[in-house]
Amino acid sequence: MKTLEMIGPDNWREFLAAPVAVLMLGKSTCDACTQWSGELSEYLAGENLEFSDVRFGKLLLDQRGLIDFKKENPWIAEITALPFTIIFRSGEKVKEFAGGGIDRLTNRLERVLA
């Protein structure tokens, strides 16, 4: 069983350095973000072993202490809709999409892992 890791100022570098990581960006005041993280958490809690080597995390952009994260990832300033999901491979962005959706996520992960 996998869980949705809470990502913050102390662990984001290590998280993004994983071989494959899915990062959901949101804000604490965003209802759609809460819904997507709930859907993702429910999916991860299931019996699905398809993406057992992938790390899944959630980072709230309105938490304190993210200056380094935002400086090192200037593309964040261009995000116009939340939630926003990014797939990283060894620290490099390889896929991204606004909004949620398990099917959208799994389709992209399958392509990244192919």
### Query
Do E96 and T85 touch side chain to side chain, with heavy atoms closer than 4.5 Å?
no
### Message
Whether the side chain of K2 engages the backbone of V54 through a donor-acceptor N/O pair (distance < 3.5 Å, no angle test) should be reported.
### Response
yes
### Message
So which atom in R55 and which in A18 form the shortest heavy-atom distance, rounded to 0.1 Å?
### Response
CD-CB, 3.7 Å
### Message
I want to check something: taking the side chain as every heavy atom from C-beta on, are R13 and D68 in contact at a cut-off of under 4.5 Å?
### Response
yes
### Message
Counting only heavy atoms not in D31 (residues, nucleotides, ligands), do more than 12 fall under 6.0 Å from its CG?
### Response
no
### Query
If every non-hydrogen atom of P9 is compared with every non-hydrogen atom of Q63, which pair is closest and at what distance?
CD-OE1, 3.6 Å
### Message
Suppose the criterion is ring-ring contact (aromatic ring centres under 6.0 Å, His included): which pairs have a residue in residues 75-114, not counting sequence neighbours?
### Response
none
### Task
Find out whether I79 and L25 are in side-chain contact, i.e. whether some heavy atom of one side chain is under 4.5 Å from a heavy atom of the other.
yes
### Task
Report yes or no: do L113 and F56 belong to one cluster of Ile/Leu/Val/Met/Phe/Trp/Tyr joined by side chain heavy-atom distances under 4.5 Å?
yes
### Task
Answer yes if V22 and F51 sit in the same cluster of Ile, Leu, Val, Met, Phe, Trp and Tyr residues linked by side chain heavy atoms under 4.5 Å apart, and no otherwise.
yes
### Task
Find out whether L61 and L82 are in side-chain contact, i.e. whether some heavy atom of one side chain is under 4.5 Å from a heavy atom of the other.
yes
#### Entry: Pairs satisfying ring-ring contact (aromatic ring centres under 6.0 Å, His included), at least one member in residues 2-40, at least two apart
W12-F69
### Task
Check the surroundings of atom CD in Q35: do more than 12 heavy atoms from other residues, nucleotides or ligands lie under 6.0 Å from it?
no
### Query
Quick one: which of I86, L23, L16, N73 gives a side chain to side chain contact (heavy atoms under 4.5 Å, CB included) with K93?
I86
### Query
Same cluster or not: are V94 and V20 linked, directly or through other Ile, Leu, Val, Met, Phe, Trp or Tyr residues, by side-chain heavy atoms under 4.5 angstrom apart?
yes
### Query
How far apart are the C-alpha atoms of R111 and R108, what are their side-chain angles, what is the distance that settles it, and do they pass the side-chain contact (heavy atoms from CB on, under 4.5 Å) test?
CA-CA 5 Å; R111 283 185 252 150; R108 286 165 176 80; 4.1 Å; yes
### Query
Tell me, do P19 and D53 make a side-chain contact under 4.5 Å, heavy atoms counted?
no
### Message
Keeping D62 on the side-chain end and S28 on the backbone end, is there a donor-acceptor pair under 3.5 Å?
### Response
yes
### Query
Rounded to the nearest 0.5 Å, what separation is found between the SG atom of C33 and the CG atom of L60?
8.0 Å
### Query
Are T3 and S41 close enough, and set up right, to give a side-chain contact (heavy atoms from CB on, under 4.5 Å), and what steps lead you there?
CA-CA 6 Å; T3 60; S41 292; over 6 Å; no
### Query
Hey, are K95 and E110 close enough for a salt bridge, meaning a charged N less than 4.0 Å from a carboxylate O?
no
### Contact summary for M24 and P83, nearest pair of heavy atoms
CE-CB, 4.0 Å
### Query
Do L59 and L66 have side chains that get closer than 4.5 Å, going by heavy atoms?
yes
### Query
Checking N11 side chain against G8 main chain: does a donor-acceptor pair fall under 3.5 Å?
yes
### Task
Determine whether L105 and I87 make a side-chain contact, defined as any pair of heavy atoms from C-beta on separated by less than 4.5 Å.
yes
### Query
Is there side-chain contact between R104 and I102, with at least one heavy-atom pair below 4.5 Å?
no
### Query
If you round to the nearest 0.5 Å, how far is CG of N107 from CG of D103?
6.5 Å
